[in-house]
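Below is one structure; the comments refer to it alone.
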Amino acid sequence: MRRMTARPANAHQARLLRLLRDGGPNSRAQLGDQVDLSRSKLAVEVDRLLDTGLVVADGLAASRGGRRSHNVRLAPELRFLGVDIGATSVDVAVTNAELEILGHLNQPMDVREGPVAVFEQALDLAAKLRASGLAPGGFDGAGVGVPGPVRFPEGVPVAPPIMPGWDGFPVREALSQDLGCPVLVDNDVNLMAMGEQHAGVARSVGDFLCVKIGTGIGCGIVVGGEVHRGTTGSAGDIGHIQVEPEGRLCACGNKGCLEAHFSGAALARDAEAAARAGHSLELASRLDPDGRLTAADVAAAAAAGDPTSLALIREGGNRVGQVIAGLVSFFNPGLVVIGGGVTGLGHTLLASIRTQVYRQSLPLATGNLPIVLGELGPTAGVTGATLLITNHLFSPAS
């Protein structure tokens with residue numbers, strides 16, 4: 001088992017640990033400015049954290065006009081693992097306790113291969129990062145994102161439509177045994193939202209939506225700075241909102257879901273059909289030997305000015321925008337973040353989404369509503385994953 005056996009003893013210590021995680025090394029005086037503690041009580045709590053080894057001294061702080069205060073920081077040897085499993089790839093990263101990414105690896109894979117095969121690949125990437133010297137003593141905790149609904153307390157996927165073989169698999173328990181450290185599991189878009197909130201475009205926003213458009217579509221909902229998961233963990237599953245009565249059959253078994261009409265997989269399918277029908281020479285020239293296309297192929301064709309590809313992107317953006325418009329009217333967020341692999345379609349997609357939202361939602365909700373692309377790209381999920389596990393470990397043990 002890894003060495004991080006200590007946990008904060010109370011809410012004051014938890015607050016100090018999170019301040020040091022989010023703000024880096026700080027002086028006792030600066031910490032005192034941010035917490036509601038007397039100087040003597042602050043000194044007691046900092047000294048207790050120093051005794052646990054979670055916090056270490058870090059030299060003298062700059063003078064503030066009197067006796068110089070001492071800096072403290074989180075123990076520099078602490079290491080956390082972030083694993084972000086998508087439908088077609090897996091990202092694995094190692095961070096320090098301040099969530100600085102020290103190493104990051106990505107590998108294509110197919111989530112339909114099942115949990116055993118996928119985690120074998122993820123653990124192999126983690127072992128490579130560890131062997132490179134980034135985490136010689138192992139990991140103090142790990143956060144994992146999966147592309148489907150998760151029963152959060154148990155860390156178990158529940159009937160995920162694009163993940164055959166994953167229903168009920170004990171992800172948290174299995175990985176904790178393999179890694180020898182605490183593990184938390186969440187839906188991948190919730191972790192993307194947390195990552196953008198911690199280090200990306202949503203840093204100063206308390207209420208926002210984070211929409212991930214990849215092989216599927218999901219939405220992270222952040223309320224008052226906290227992810228809203230709903231009663232059973234399925235909040236934000238917007239890919240299965242119906243947009244077309246009696247429309248296409250979806251992987252979930254229903255007809256007309258947003259995800260069936262626009263997602264990375266749906267876009268590729270529509271582009272393939274257009275290429276075979278002779279509607280786009282540009283797309284036809286990009287078909288692989290098996291007659292397949294990807295969303296990236298559509299993006300490249302659109303960048304080359306292909307009208308069919310541009311029309312497919314605009315139509316998809318309109319559908320997503322219609323759903324987001326309903327969410328905006330209901331939730332009144334301060335920001336909408338668009339992320340995921342399909343954001344490689346760029347501003348054509350974003351413009352279509354914005355047009356629908358600004359047209360359909362009331363001016364009071366949209367008058368000062370930015371709708372933007374995420375900043376962190378493929379590191380948003382792994383950043384959110386390590387934020388998730390450190391939020392847990394930097395809380396008093398229950």
Side-chain angles (χ1 to χ4, degrees), residues 1-2 80-93 105-129 138-139 141-194 212 214-220 227 229-237 239-240 250-254 257 259 263-265 340-341 381-382 384-389 391-393:
M1 209 60 178
R2 257 293 269 186
F80 299 97
L81 183 71
V83 179
D84 184 19
I85 296 166
T88 58
S89 66
V90 58
D91 286 87
V92 177
L105 294 173
N106 169 278
Q107 182 170 294
M109 63 88 205
D110 188 342
V111 75
R112 294 173 299 180
E113 294 176 6
V116 174
V118 168
F119 284 124
E120 185 177 312
Q121 295 175 66
L123 289 168
D124 181 59
L125 294 178
K128 288 178 181 177
L129 289 169
F139 304 107
V144 181
V146 297
V150 173
R151 193 161 58 240
F152 182 68
E154 294 88 3
V156 173
V158 180
I162 64 171
M163 301 169 64
W166 287 75
D167 183 32
F169 185 82
V171 176
R172 180 178 181 178
E173 181 182 342
L175 278 189
S176 182
Q177 290 178 0
D178 285 333
L179 292 169
C181 66
V183 173
L184 285 184
V185 183
D186 203 350
N187 176 265
D188 61 345
V189 70
N190 287 343
L191 298 186
M192 174 180 282
M194 292 176 69
K212 182 177 182 180
T215 302
I217 297 182
C219 180
V227 170
R229 297 182 176 87
T231 301
T232 60
S234 64
D237 201 3
H240 300 288
C250 182
C252 72
N254 292 321
C257 294
E259 196 170 288
S263 60
V382 290
T386 53
L387 182 65
L388 177 74
I389 189 61
N391 278 345
H392 171 68
L393 294 176

Dump the intermediate steps for side chain to side chain contact (heavy atoms under 4.5 Å, CB included) on V116 and V118, then the final yes or no.
CA-CA 6 Å; V116 174; V118 168; over 6 Å; no
Go through L105 and K128 one step at a time and tell me if the side chain to side chain contact (heavy atoms under 4.5 Å, CB included) criterion holds.
CA-CA 9 Å; L105 294 173; K128 288 178 181 177; 4.0 Å; yes
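Looking at every heavy atom in both residues, C257 comes nearest to G239 through CB-O, 3.4 Å. The two atoms that bring P160 and P157 nearest to each other are CG-CB, 4.2 Å, heavy atoms only. H240 and P161 get closest at one heavy-atom pair: NE2-CG, 3.7 Å. The shortest non-hydrogen separation linking P147 to N187 is C-ND2, 4.3 Å. Of all heavy-atom pairs between C181 and S176, the closest is O-OG, 2.9 Å. I162 and A87 get closest at one heavy-atom pair: CD1-CB, 4.0 Å.
The side-chain hydrogen bond (donor to acceptor under 3.5 Å, both in side chains) search around D84 returns none, not counting sequence neighbours. Judged as a side-chain hydrogen bond (donor to acceptor under 3.5 Å, both in side chains), and not counting sequence neighbours, D167 has no contacts. A search for side-chain contact (heavy atoms from CB on, under 4.5 Å) contacts involving V83 returns L81, I85, V90, V92, A122, V144, not counting sequence neighbours. Looking at residues two or more places apart in sequence or on another chain, you find no side-chain hydrogen bond (donor to acceptor under 3.5 Å, both in side chains) involving D124. Qualifying side-chain hydrogen bond (donor to acceptor under 3.5 Å, both in side chains) partners for N391, counting only residues two or more places apart in sequence or in other chains: R21. In terms of the side-chain contact (heavy atoms from CB on, under 4.5 Å) criterion, residue partners of A235 (sequence neighbours excluded) are, by chain and number, I221, H228. The side-chain contact (heavy atoms from CB on, under 4.5 Å) search around P115 returns F119, W166, F169, not counting sequence neighbours. When the side-chain contact (heavy atoms from CB on, under 4.5 Å) test is applied to E154, the partners found at least two apart in sequence or on another chain are R151, V156.
Using modelled atom types, no side-chain atom of S234 and backbone atom of P149 make a donor-acceptor pair closer than 3.5 Å. Looking at S263, its side chain does come within 3.5 Å of a backbone N or O of T215 through a donor-acceptor pair. A donor-acceptor contact shorter than 3.5 Å links the side chain of T386 to the backbone of V382.
Screening residues 179-189 for salt bridge (Lys or Arg N to Asp or Glu O under 4.0 Å), with sequence neighbours left out, gives D186-R229, D188-K212. A side-chain hydrogen bond (donor to acceptor under 3.5 Å, both in side chains) check over residues 106-119, counting only residues at least two apart or in different chains, returns the pairs D91-N106, Q107-Q121, D110-R112, E113-Q121. Residue pairs meeting the salt bridge (Lys or Arg N to Asp or Glu O under 4.0 Å) criterion with at least one partner in residues 169-182, sequence neighbours excluded, are absent.
Atom CG of L184 and atom CD1 of I389 lie 4.0 Å apart (nearest 0.5 Å).
Contact annotation: the side chain of M194 approaches that of V227 to within less than 4.5 Å [non-hydrogen atoms, C-beta and beyond]. Two residues are said to be in side-chain contact when any heavy atoms from C-beta on lie closer than 4.5 Å; F152 and T232 fail this criterion.
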